[in-house]
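Worksheet for the structure shown next.
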Amino acid sequence: MSGSPAVVMRLVASAHTVAEKAGAIVRKVLHSGDLGIVEKTGANDLQTLADRLAQQSICASLSRRFPKITIIGEEELPAEEVREDLIESGHSEEILQKTCPAEYRELKEEELVVWVDPLDGTKEYTEGLLDNVTVLIGIAYAGKAIAGVINQPFYNYQLGAGSALGRTMWGMPGLGAFGFQLQEVPGDKRIVTTTRSHSNKVVTDCVDAMEPHEVIRVGGAGNKIIQLVEGRASAYVFASPGCKKWDTCAPEAILHAVGGKLTDMHGNAYRYHANVKHMNSAGVLATLRNHEYYASRVPQSVLQALKSD
């Protein structure tokens with residue numbers, strides 16, 4: 001490829017480094033001992049100082065380098081000057097060496113929408129369930145998730161001092177996924193991962209209908225997609241409108257990059273246009289393989305309860 005790398009590759013390369021910076025901020029706030037917790041809509045919907053600082057860091061860093069992109073972040077923060085020490089101006093050289101898929105080479109900055117969840121799994125973060133926590137940066141074009149970066153700030157934390165803490169994975173359909181080892185649940189096993197703290201009858205009815213051999217209840221949408229691509233779960237089933245676009249954009253891009261699929265409960269794709277509504281109203285069904293099987297098992301009562309957008 002001659003000339004400078006495509007805009008989208010430069011954006012992903014920056015997002016990778018920015019996600020690592022955000023992960024470091026999330027760790028630093030935890031170690032400070034003062035999480036600065038506020039309730040947004042209730043005890044299950046929290047925001048911490050780490051959410052606020054990480055979002056400021058991500059949005060300010062990316063918009064400084066790519067002023068024409070649209071960035072949509074989870075946290076509603078007052079417009080204020082962002083501290084210079086929160087700005088990350090580096091990029092991943094390794095990503096810039098990759099060849100951009102032909103269909104994305106000519107994309108312009110203003111055509112790209114970035115969806116940011118600065119700290120996915122906030123409730124788990126406040127409870128010390130640190131392996132559930134991720135930083136999510138998803139990139140969309142024409143309503144589709146075309147690239148995603150997931151940072152796990154506390155990856156390896158159980159191993160204690162001396163082990164490298166944290167990791168960053170990323171992926172792009174048409175290019176591949178990097179930063180982890182793709183593994184699958186054996187074909188004869190159905191292991192469903194679902195919500196830890198947002199359950200109700202519709203959610204459990206839908207999980208039961210999959211006839212799983214095992215159910216894993218963990219926090220964080222990013223974390224659940226990691227379960228899929230690392231062979232710990234075969235489907236992520238969440239029959240509820242609790243998930244938002246910033247929860248699914250980055251994970252969906254990585255999942256698609258390895259041949260997986262993410263839809264609503266009706267089997268419809270979510271759209272990530274700048275002006276789309278933020279709520280994933282019809283739930284989330286994500287699989288690495290056999291999506292049709294899981295979609296076919298969704299009970300009629302669940303489909304009626306969750307209206308497709």
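Between Asn290 and Ser234 there is no side-chain heavy-atom pair separated by less than 4.5 Å. Using a 4.5 Å cut-off on side-chain heavy atoms (C-beta onward), Tyr236 and Cys243 make contact. Considering only heavy atoms from C-beta on, Ile150 comes within 4.5 Å of Pro251 through its side chain. The closest side-chain heavy-atom distance from Trp246 to Leu136 is not below 4.5 Å.
Cation-pi check for Lys98 over Phe178 is met; the charged atom lies under 6.0 angstrom from the ring centroid and within 45 degrees of its normal.
We find that Lys224 and Glu124 are not joined by a salt bridge, their nearest charged nitrogen and carboxylate oxygen being 4.0 Å or further apart. By the 4.0 Å N-to-carboxylate-O rule, Lys144 lies too far from Glu103 to be salt-bridged with it. With respect to Lys261 and Glu292, a salt bridge is recorded, a charged nitrogen being found less than 4.0 Å from a carboxylate O. Salt bridge annotation for Arg232-Glu230: present, with a cationic side-chain nitrogen under 4.0 angstrom from a carboxylate oxygen. The pair Arg52-Glu75 does not meet the salt-bridge criterion, since no charged nitrogen lies less than 4.0 angstrom from a carboxylate oxygen.
A donor and an acceptor atom, one from each side chain of Glu88 and Thr17, are nowhere located under 3.5 Å apart. Between the side chains of Asn280 and Thr248, at least one donor N or O sits under 3.5 Å from an acceptor N or O.
Considering only residues two or more places apart in sequence or on other chains, Glu184 meets the side chain to side chain donor-acceptor pair (under 3.5 Å) condition with Arg289.
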